Amino acid sequence: MIIKILEEIINKVFKENGYMEQISIIKSNRSDLGDYQCNDIFKIAKLYHKNPLEIGEEIVAKINNLTFFKDYFKEVTFIKPGFINIIISDNLINELLNKMLKDDHFNLEKVTKKELYFLDYGGPNIAKPLHVGHLRTAIIGEAIKRIIKFKGHDVISDVHLGDYGLQIGEVIYGLLNDKVTDITLDYLTEIYPKMNKLCKEDDNVLKACSQITKELQEGNITYQNLWKKICEVSIKDIKRMYNYLGVSFDLWQGESDSYKYIEPLTKILEAKNLLKESENAKIIEVKLATDTKEMPPLIYQKSNGAYLYGTTDLATIYERFTKYHPDHILYVVDARQSLHFEQVFRVCSKCGIDINLEHLGYGTVNGSDGKPFKTRSGDTIKLDDLFKQVKEIFINTKATNKDMNNQDLDIIVNAIIKFADLQNNREKDYIFDPLKFSNVVGKTGPYILYTYLRINKILKSENLTIEQLNTTIYNNNDRDLRIKLLELSLSIDSAFKEKRPNYIAEYIYDICVLNNIFYQTNHINNLEDLAKKQQWLLLLTLSNKLLKELLNLLMIEIPSQM
RNA sequence: GCGCUCGUAGCUCAGCUGGAUAGAGUAUUUGGCUACGAACCAAAGGGUCAGGGGUUCAAAUCCCUUCGGGCGCACCA
């Protein structure tokens with residue numbers, strides 16, 4: 001909001017001088033020279049064939065002559081070859097902070113048009129416990145959901161289980177083959193990788209599994225009953241894990257739920273003459289005349305009659321389109337599936353399904369060798385084990401807090417893992433290092449929580465009696481913190497726009513660093529200047545209130561102690 | 001073969017709608033607890049932003065190219 005105010009004033013000055021282009025103000029990258037800066041003099045100069053020096057000096061002189069200059073600025077200067085540096089007034093800072101204090105949504109601008117987002121993340125497979133790969137989609141997806149809501153839009157989230165594909169056929173084959181009657185989680189955990197391997201080795205087994213899958217999809221009673229049992233056992237465990245992560249979904253649909261929409265969808269596709277036969281399978285061509293790259297068709301129905309996930313994804317979009325009319329459908333899915341989504345999205349546009357479809361890819365979780373992460377025994381690490389491992393390391397490193405209760409421990413372990421993951425740019429692969437995920441010093445979850453609790457302790461020990469800040473700022477550390485708090489909308493907006501939670505993580509960290517510096521240099525409890533004490537208490541109250549709200553966006557809770 | 005993606009400090013990563021002196025954490029060296037919690041703070045060293053070319057007043061950021069890593073390309077998800 002601070003940037004917007006500055007832009008409004010300065011744009012007006014530009015316009016009054018005959019320069020009609022919108023200019024923008026950005027955070028200064030030279031904090032020794034100013035709080036904010038404008039670099040657009042160069043562009044204006046070029047457009048009007050003028051010397052940047054001339055324009056800059058002209059504009060800055062005008063700004064300095066504004067009647068209300070002192071209300072907004074401490075200093076506005078022009079520096080060669082074409083930068084306007086702005087130092088804002090303490091008055092403005094405090095006025096805006098007071099607005100944040102009064103408003104229950106931190107004085108953030110409300111969205112003018114509320115939109116409905118459909119968010120598809122999670123996507124765990126039935127019959128497979130959640131592993132480290134599921135961590136990213138779950139927490140990135142949940143964070144994006146919370147950011148969109150915080151911004152003021154509506155979201156419907158769907159876990160979208162992988163519950164009807166070949167993997168189920170494989171598990172059922174295994175069950176029948178092993179003559180298993182009591183389906184347990186342990187059994188499922190074991191059978192899936194086994195069958196997966198077997199199918200890769202033995203083509204006949206693969207064919208049999210594929211046949212089972214097809215018959216299941218067609219309603220075979222025996223398979224249906226087994227499938228229901230598998231779902232029941234598996235979903236219970238998946239829910240337990242999501243619950244532990246603080247991740248929740250509005251819908252618990254899966255591929256299987258889309259089946260009743262395949263028929264109407266097929267009719268549309270047929271009416272538009274999009275379905276083609278090829279090698280006994282039904283396909284949809286998605287190649288465009290403008291393509292320079294190879295673009296394989298989407299396989300709509302396999303030659304044996306079974307459907308694949310391209311089809312269920314399409315049917316699901318059709319369902320959401322007709323039922324909910326969302327403005328956007330976002331998929332938080334591994335970046336390696338980008339081709340699949342491009343195919344699906346192209347079919348949608350051919351069908352006239354007019355929704356903004358977007359694949360929000362995320363990078364692979366790799367081990368230190370740069371290959372997808374595996375445990376020493378070569379398996380993917382289960383989420384349960386990951387959390388257990390981090391918890392153990394944490395308990396062993398922090399020997400001083402033996403009395404910490406289990407709930408607080410879980411909160412901290414969650415914070416460690418989530419903050420370690422979410423501070424990365426989601427689009428890039430990253431190295432999964434158990435040690436990094438257990439670290440408690442530096443740019444970590446514990447650092448954030450520790451800062452919050454330290455500040456909170458001061459607040460609890462003192463009595464806050466004021467509701468508004470006066471016009472004073474007492475020193476530079478104080479000022480830096482105040483300005484950082486004003487920049488909330490910068491981080492929210494960029495995180496929302498690019499659907500990247502790491503901007504929020506970065507902002508949280510920045511606030512905490514400034515809080516720590518403030519804490520270290522400004523002692524509050526024994527202050528004799530009671531007015532100053534109250535001002536600072538109020539400032540820290542706002543800071544911690546904001547922190548808590550932002551941490552919530554990243555699913556990080558606050559422990560009672562640490 | 002076609003295409004996508006990445007390469008930034010010893011290590012792990014930010015920064016990428018182009019802006020002034022490229023930032024964190026960690027590791028290394030050093031200083032700070034009789035303190036509202038030292039899981040902290042302060043300081044130092046550490047960089048040809050993979051190489052080369054181009055566009056621009058200005059490039060880590062945009063374009064081209066070479067090299068190097070990862071990934072995807074018809075009946076898995």
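It should be emphasised that the depicted structure is a prediction, and the values quoted were computed from it without experimental measurement. Within every chain, numbering begins at 1; the chains are lettered A, B, ... in the order of the sequence lines, protein sequences first and strands thereafter.
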(Q) Can you classify the ring geometry of A:F249 versus A:W252 as parallel (below 30°), tilted (30 to 60°) or perpendicular (above 60°)? (A) perpendicular

Q.
What contact category does A:Q37 fall into here, base, sugar-phosphate, or nothing, at under 4.0 angstrom with non-hydrogen atoms?
A. base

Q: Whole angstrom is fine here: how far is it from CZ in A:F341 over to P in B:C4?
A: 19 Å

Q: Remember a base hit wins even if backbone is also touched, and classify A:N425 as base, sugar-phosphate or nothing at under 4.0 Å, heavy atoms.
A: sugar-phosphate

Q. Rounded to the nearest Å, what distance is computed from the NE2 atom of residue A:H340 to the C1' atom of nucleotide B:G3?
A. 18 Å

Q. When rounded to the nearest Å, what value does the distance between C1' atoms of B:C16 and B:G7 take?
A. 14 Å

Q.
Counting the atoms with a prime plus P, OP1 and OP2 as sugar-phosphate, which does A:L33 contact under 4.0 Å by heavy atoms, base, sugar-phosphate, or nothing?
A. base

Q | Interatomic distance where CZ belongs to A:R454 and P belongs to B:A38 [whole Å] | A | 5 Å

Q: Look at all strands and tell whether A:S303 reaches a base, only sugar-phosphate, or nothing, counting heavy atoms closer than 4.0 Å.
A: base

Q | Rounded distance in Å - CD (A:Q343) to P (B:A77) | A | 13 Å

(Q) Please tell me whether A:S210 and A:K302 have a donor and an acceptor in their side chains that are separated by less than 3.5 angstrom. (A) yes

Q: Would you indicate, yes or no, if B:A39 has its OP1 or OP2 atom less than 4.0 angstrom from a side-chain nitrogen or oxygen of A:Y450?
A: yes

Q) Ring stacking, A:F42 with base of B:A58, under 5.5 Å and under 30°? A) no

Q. Between B:G69 atom P and A:D429 atom CG, what is the distance in whole Å?
A. 15 Å

